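Computed from heavy atoms alone, side chains included, the values below leave out hydrogens, waters and symmetry copies. Since we're looking at a predicted model, the values are computed, not measured. One is the number of the first residue; the rest follow in order along the sequence.
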Amino acid sequence: MQTYHSTFTLAHHLLHRIDFQPETFSDGDLLWLPHHADLPHFGKKRRIEHLAGRIAAAYALQPFGLKAIPGIGEQRQPLWPEGIFGSISHSGKRAIAAVSRKPVGIDIEHIFSSQLAAEVATQIASPAEIFRLQTSGLPFAIALTLAFSAKESVYKAFSSQAEPCPGFAAAEMTAIDENALCLRLAPAFSARLAGKEISVAYEIEGDEVVTCTVTPL
């Protein structure tokens with residue numbers, strides 16, 4: 001599969017981006033993955049996205065002196081080397097990955113259409129959150145996409161400590177500005193992490209948004 005690798009920085013993390021051409025994919029490309037035998041039950045689109053995400057992850061691990069490709073856990077989560085935290089996301093023809101010594105979560109999303117935002121708003125955000133998004137100064141569809149993506153990033157960063165299927169109400173967006181969102185975890189996310197506030201930086205590029213949990217300095 002033809003791919004193009006590039007990097008950018010967000011929230012003090014170096015994110016590795018893979019732009020790929022799905023039409024150039026063949027199943028033989030999967031042989032590069034040590035766990036390729038675990039993928040036959042994936043649909044073609046899922047196999048392509050999985051491969052692109054693992055390529056991004058392999059690049060992200062190299063600065064840590066690691067030549068590794070994350071396997072697949074019981075919950076389909078990436079299995080990172082010991083002492084390493086990482087996150088992978090993909091949207092359309094792009095995959096991104098980040099690696100850190102501390103929990104990190106990233107997400108990339110295509111910006112919701114105005115119609116879709118109106119349809120799903122109450123599934124993603126509470127009335128108080130919707131008000132904050134409506135008064136953020138951003139178009140509502142973009143702001144809602146950011147809230148959705150930020151919650152995804154937070155879940156990825158702390159999924160190992162979260163309750164099963166915590167849902168969007170388990171993290172409340174308490175603030176949003178031109179650089180970041182702030183989310184507060186509820187007991188439904190994790191009894192131990194309840195009340196923890198997490199900053200999530202974001203970047204808007206074209207018709208996509210990228211979010212990344214902020215690593216404490």
Asp207/His110 under side-chain contact (heavy atoms from CB on, under 4.5 Å): CA gap, chis, key distance, verdict: CA-CA 6 Å; Asp207 60 357; His110 187 86; 2.9 Å; yes

Criterion side-chain contact (heavy atoms from CB on, under 4.5 Å) on Thr7 and Tyr59, from CA distance to verdict: CA-CA 10 Å; Thr7 62; Tyr59 276 111; over 6 Å; no

Full working for side-chain contact (heavy atoms from CB on, under 4.5 Å) between Arg47 and Leu30: CA-CA 8 Å; Arg47 295 198 301 275; Leu30 299 175; 3.6 Å; yes

Stepwise side-chain contact (heavy atoms from CB on, under 4.5 Å) test for Ile108 and Val209: CA-CA 6 Å; Ile108 182 170; Val209 303; over 6 Å; no

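Panel note: side chain Ser136, backbone Ile176; no donor-acceptor pair is recorded below 3.5 Å. With Asp29 contributing its side chain and Met1 its backbone, the two residues share a donor-acceptor pair below 3.5 Å. Side-chain atoms of Tyr155 do not come within 3.5 Å of backbone N or O of Gly167 as any donor-acceptor pair. Panel note: side chain Ser199, backbone Cys182; no donor-acceptor pair is recorded below 3.5 Å. The main-chain N or O of Ala141 is found under 3.5 Å from a side-chain atom of Thr145 such that the two form a donor-acceptor pair.
For the pair Thr9/His13, no side-chain contact is recorded, criterion being any heavy-atom separation below 4.5 Å from C-beta on. Side-chain contact between Arg184 and Lys196: absent, with no pair of heavy atoms (C-beta onward) separated by less than 4.5 Å. At least one side-chain heavy atom of Ser89 sits less than 4.5 Å from a side-chain heavy atom of Lys156. Residues Thr211 and Leu10 are not in side-chain contact: their nearest non-hydrogen atoms beyond the backbone lie 4.5 Å or more apart. Taking 4.5 Å as the limit, some side-chain heavy atom of Leu61 sits within range of a side-chain heavy atom of Pro70. Looking at Val200 and Lys151, their side chains never come closer than 4.5 Å, going by heavy atoms from C-beta outward. No side-chain heavy atom of Phe148 sits less than 4.5 Å from a side-chain heavy atom of Val120. With contacts defined as side-chain heavy-atom distances shorter than 4.5 Å, the pair Met173/Leu133 qualifies.
Here Glu152 contributes atom CD and Ser159 contributes atom OG; the two are 11.0 Å apart, rounded to the nearest 0.5 Å. Interatomic distance, Phe42 CZ to Leu39 CG, rounded to the nearest 0.5 Å: 5.5 Å. Rounding to the nearest 0.5 Å places CG of Leu79 at 14.0 Å from CD1 of Ile84. Atoms OH and CG, on Tyr202 and Asp107 in that order, are 15.5 Å from each other to the nearest 0.5 Å. Put simply, CG on Leu185 and CZ on Arg192 are 11.0 Å apart, with the number rounded to the nearest 0.5 Å. Separation of atoms NE2 (His90) and CD1 (Ile48) is listed at 11.5 Å; rounding is to 0.5 Å.
Of all heavy-atom pairs between Val99 and Ala60, the closest is CG2-CB, 3.6 Å. Minimum heavy-atom separation, Ala188 to Ala170: C-CB, 3.9 Å. When all heavy atoms are compared, the tightest approach of Ala171 to Leu183 is CB-CD2, 4.0 Å. Listed here is the closest heavy atom pair of Ala186 and Ala194: C-CB, 4.1 Å. Across all their heavy atoms, Glu74 and Gln77 have their closest contact at N-OE1, 3.6 Å. Closest approach of Ala57 to Ile88, counting heavy atoms only: CB-CD1, 3.9 Å.
In this structure, Trp80 is not a member of the same hydrophobic cluster as Phe158, with clusters built from ILVMFWY side-chain heavy atoms closer than 4.5 Å. Criterion: ILVMFWY side-chain heavy atoms under 4.5 Å apart, direct or through other members. Under it, Leu116 and Leu144 are part of a common hydrophobic cluster. Leu66 and Ile55 end up in different hydrophobic clusters when Ile, Leu, Val, Met, Phe, Trp and Tyr side chains are linked at under 4.5 Å. By the criterion of side-chain heavy atoms lying less than 4.5 angstrom apart, applied directly or through intervening Ile, Leu, Val, Met, Phe, Trp or Tyr residues, Phe168 is grouped together with Ile142 in one hydrophobic cluster. Clustering ILVMFWY residues whenever any of their side-chain heavy atoms sit less than 4.5 angstrom apart, transitively, puts Phe85 in a cluster other than the one holding Ile198.
Within 6.0 Å of atom CD in Gln115, 12 or fewer heavy atoms from other residues, nucleotides or ligands are found, so the atom counts as exposed in its surroundings. Atom CZ of Phe64 has more than 12 heavy atoms from other residues, nucleotides or ligands within 6.0 Å.
The pair Glu49-Lys44 does not count as a salt bridge, with every side-chain nitrogen at least 4.0 angstrom from each carboxylate oxygen. A salt bridge between Lys93 and Asp19 is absent, with no side-chain N of the basic residue lying under 4.0 Å from a carboxylate O of the acidic one.
In this structure, His36 has its ring center no closer than 6.0 Å to that of His50. A ring-centre distance under 6.0 Å is not found for Phe20 and Phe25.
Side-chain contact of Glu129 with Ser126: a donor-acceptor pair under 3.5 Å is present, judged by distance alone. Side-chain contact of Ser6 with Arg17: a donor-acceptor pair under 3.5 Å is present, judged by distance alone.
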